[in-house]
Amino acid sequence: MNWQDVLLWAVLPYVMVVVLVGGTIWRYRYDKFGWTTRSSELHESRLLRVGSPLFHFGLLVVIIGHVIGLIIPKSLTDAAGLSQQAYHVQALLLGGIAGFCTLAGVAILIYRRRTTGPVFMATTRNDKLMYVVLVAAIVAGLATTLLGAAGGEEHNYRLTVAPWFRSLFVLQPDIASMAGAGLAFQLHTLIGLLLFTIWPFTRLVHAFTAPLGYLFRPYIVYRSRQGGPAARPARRGWERI
Amino acid sequence: MHVMAQMGMVMNLDKCIGCHTCSVTCKQAWTNRSGVEYVWFNNVETRPGQGYPRRYQDQERWKGGWVRNRRGRLRLKAGGRFKKLLTIFANPVLPNIRDYYEPWTYDYEKLTEAPLGDDFPVAQPKSLLSGEPMAIEWSANWDDDLGGAPEHGPRDPIVERLRKESEDKVRFSYEQAFMFFLPRICEHCLNPSCVASCPSGAMYKRAEDGIVLVDQDRCRGWRMCVTGCPYKKVYFNHRTGKAEKCTFCYPRVEVGLPTVCSETCVGRLRYIGLFLYDADRVTAAASVENEQDLYEAQLDLLLDPTDPAVLDHARRDGIAEDWLEAARRSPVYRLAKTYRVALPLHPEFRTMPMVWYIPPLSPVVDRLAETGHDGEDAANLFGAIDALRIPIGYLAELFTAGDPAPVRGVLQKLAAMRSYMRDVTLDRPHNESIATAVGMTGGEIIEMYRLLAIAKYEERYVIPTAYSGEAHQLEELGCSLDVDGGPGMIGSGPFGEASGRATPVSVETFHALRDRQTSDHIADPGERGARINLLNWDGKGRPPGLFPPPRQTPPGPGDLTAGGAAAARTAELGEDGR
């Protein structure tokens, strides 16, 4: 275990968590007005209508795949009678298709962003940086999936990446198993860490306010003018009689 | 019964001359920023015409408002909660910018910088969205005064429906018979479908006065409200990524001033006042089976502010005494319910809109006068109202879901008022039979006449201030639209133009006012801090800096050229402006 491994697989993940949580709290407190999807559908909807659902729904499946792959230990699926071969096939099918949809979706969206004048004009440098990292993460992820299809023990992330991922939560990072993972996995993990680190400072924050509460609230929202008379301390000269 | 107060407006369409002053002042006050170049919280449409955005009334296409399902329950026309969330990544029925119009400016620089040549230089239109040269093909006000009516008029959704109903017998000849203007703002509905469509819960109806607002800090730009509103009066700011809408000028209304559109209305056709309504019965009223019963159901929700039982309930529900007094004096209640001359716009959308319209009688009168008849004789007018079936049908499609009876009733009352008042003015014996023919008394007609024709500022706008007990809070109400990428905010935050904190509007106003008062020259409107904010201009006087000063050229002795005269005039204006 050399110092590079410690830095990459024991220090960086926690730095990422601190920046992600701290950054999100900071942004929510100080930049609620900038917390938005910044939708450009008003300018162009034909390509968006294909690309955006493809990307977002693909991404949702990808997230589910990550959760299954990283959190459920291999011993559990073995006990359930799911052979390594069967697991591999379903992961490859599900992950491959979802990953491909995500990549195709984001490709359409970036093409649209570049070619539609008003949409391109509304693209900030921040957006461009975010797109680079996001696409890199997707491409690296898809590469790991395809490499996994090629087989080989070093490509079995359930024995390398997943134990390391779980060990992070108990604050005892299993540096050795991650260091033993294939280069593609390590690269994908690092890009992922970078993506989550810049997350709170990009438009991606809109994902944290996915409006699930909509399913449970009454249709019509009433709100009082902010605060009652007692909501703020009375200022000098304005004390209530 | 749960009594709530609702700020409402009535517009008397007979008086609208289509001057667009309301639209322009509203735009100056609220939407003169990039990101909302295409947005008109107040717009004036010529009818017949397609309106703004184009054909917004066609809900088969835009899916706004509510529909009643087979079980008699209300459902959002664009789909319920699950469908909304499933289509959140690409809203299938969001109007495109071209349905409003692509905002543009002109390349004025070319006019002065073009090299000398045989051709006149032209200021080419350039898109404000892409910066590219563009052809101007449509705008918010394209079919103004029936411009291009033969081409655009038949695409008016109401004309299409009328045609279908009369089996194509109606030719498009009635644009010669009538035309009128329809100023539109947000309806501040009792059953707002935009609020119901907002996934984030950022849109809300204010409990105190019923004004529908967007919380700019909670809006995430899911843009379902734009689809939800059948009047298409919620707009998407494409720069900040947030929804914006007419605010009923809440910072003005809270201190008892009318909205900017009303304040500046040249024809004085707008009335503002309170309605008291029963909030518990709103959903039931909006769900009545027959669309043509919606007008009555809506009227039925409005409570009589002189009824002691209603007042008792209102007090129990926390409505202050000065608000009840304002409700008793409310001009909008009198016009909508007592006289029944104001009608809601498109009640069939089932949103219970709270901006009401007195349908125009003048096309009928003018038409009658053209044919050589006495246009103000009651008998002639009553006959003509029915004879001109198409205007009635058209108005009915706008205001009563197609039921001509209430529209006919209103027009007859307006006609009766003209005839009755002619006798009063000419000192002839009053003909009570005219009044009784429309179910009113002569006294009522005179009262209605006073309200419609000569009501003063205080009678047209009966606006209770926010509770006096809370008055100290009015210094800065921490809400929404005045923090934006524009008037308050200078420069951009770290996450693009939309981010960062904005300066509250009152802070900006304070600095602007101080700069104006302490500087010894006329404010230069080019300076950011010196801009006049029409939002808190009460219409009195002419604040310095409202108009840009002409370029100062020092006049020579005895020089009476235009430049010298203009400079002299400016000096005068500057004096009397103070």
Side-chain angles (χ1 to χ4, degrees), chain A residues 27 30-45 48-57 116-118 120-127 201-203 206 209-229 231-232 234-235 237-238 240, chain B residues 76 81-82 84-85 88-92 94-97 127 129-132 191-192 195-196 198-201 203-208 215-223 236 238-242 254 466-467 469-470 472-473 477-479 483-484 493-502:
Chain A
R27 179 115 190 243
Y30 294 105
D31 188 32
K32 270 191 204 144
F33 184 62
W35 195 295
T36 151
T37 57
R38 299 239 322 279
S39 163
S40 55
E41 187 175 359
L42 192 68
H43 299 311
E44 200 280 347
S45 57
L48 183 91
R49 207 171 295 168
V50 181
S52 179
L54 206 58
F55 169 73
H56 282 95
F57 284 117
T116 314
F120 188 56
M121 281 192 38
T123 309
T124 62
R125 259 177 298 176
N126 182 308
D127 291 341
F201 313 104
T202 64
R203 65 197 297 176
H206 72 266
T209 46
L212 297 175
Y214 184 49
L215 296 174
F216 308 103
R217 75 162 165 84
Y219 267 138
I220 309 293
V221 180
Y222 291 95
R223 250 201 256 176
S224 275
R225 243 195 337 259
Q226 283 183 343
R232 293 186 181 182
R235 273 178 276 169
W238 291 103
R240 284 173 71 80
Chain B
L76 285 169
R81 294 180 162 95
F82 276 106
K84 281 248 146 54
L85 289 193
I88 204 164
F89 301 130
N91 182 350
L94 187 78
N96 189 271
I97 188 79
S127 166
L129 298 180
S130 62
E132 300 296 319
N191 189 31
V195 173
C198 175
S200 325
M203 291 194 75
Y204 60 98
K205 194 166 174 63
R206 263 202 334 195
E208 289 85 358
D215 183 341
Q216 294 287 295
D217 277 349
R218 282 188 68 180
C219 174
R220 307 283 174 236
W222 304 119
R223 66 218 172 274
F236 189 74
H238 58 80
R239 218 187 82 190
T240 63
K242 305 256 169 173
E254 278 167 4
Y467 300 121
E470 297 173 16
H472 64 287
Q473 292 192 2
L477 284 150
C479 193
V483 301
D484 56 56
F495 311 113
E497 291 176 317
S499 67
R501 303 275 280 182

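All heavy atoms count here, side chains included; hydrogens, waters and symmetry mates do not. Nothing here was measured: the structure is a model prediction, and the numbers come from that model. Throughout, a chain's letter reflects where its sequence line sits, starting with A, and its residues are numbered from 1.
Contact detail for K242(B) and W35(A): the closest heavy-atom pair is NZ-O, 3.5 Å. Summarising the geometry of R223(A) relative to D215(B), their closest heavy-atom pair is NH1-OD2, 2.9 Å, with the distance given to 0.1 Å.
Interatomic distance, OG1 of T36(A) versus CG of D217(B), reported as 12.0 Å (0.5 Å rounding). Here CE of M121(A) is found 11.0 Å from CZ of R239(B). Values are rounded to the nearest 0.5 Å. A distance of 10.0 Å separates CE in M203(B) from CD1 in I220(A), rounded to the nearest 0.5 Å. To the nearest 0.5 angstrom, S39(A) atom OG is 8.5 Å from N91(B) atom CG.
The closest donor-acceptor contact from the side chain of Y214(A) to the backbone of A196(B) lies under 3.5 Å. A distance-only check finds no donor-acceptor pair linking the side chain of R38(A) to the backbone of G221(B) [under 3.5 Å]. At least one donor-acceptor pair closer than 3.5 Å links the side chain of E208(B) to the backbone N or O of R225(A).
Taking the six-membered ring for Trp and thresholds of 30 and 60 degrees, H56(A) and F89(B) have nearly parallel ring planes, at less than 30 degrees apart.
Of the listed residues (E44(A), R49(A), H43(A), R125(A)), the greatest number of heavy-atom pairs within a distance under 4.5 Å of chain B belongs to H43(A). With chain A as the partner, the residue from A207(B), G131(B), S127(B), C219(B) showing the most heavy-atom pairs under 4.5 Å is A207(B).
In this structure, chain A has heavy atoms under 4.5 Å from both the backbone and the side chain of C198(B).
Applying the side chain to side chain contact (heavy atoms under 4.5 Å, CB included) test between Y219(A) and each of L76(B), V195(B), N191(B) identifies L76(B) as the sole match.
Side-chain contact between S200(B) and T209(A): absent, with no pair of heavy atoms (C-beta onward) separated by less than 4.5 Å. In this structure the side chain of L85(B) reaches within 4.5 angstrom of the side chain of P211(A), judged on heavy atoms. Between W222(B) and H206(A) there is a side-chain heavy-atom pair separated by less than 4.5 Å.
R220(B) meets the salt bridge (charged side-chain N to carboxylate O under 4.0 Å, His left out) test with no other residue; sequence neighbours excluded.
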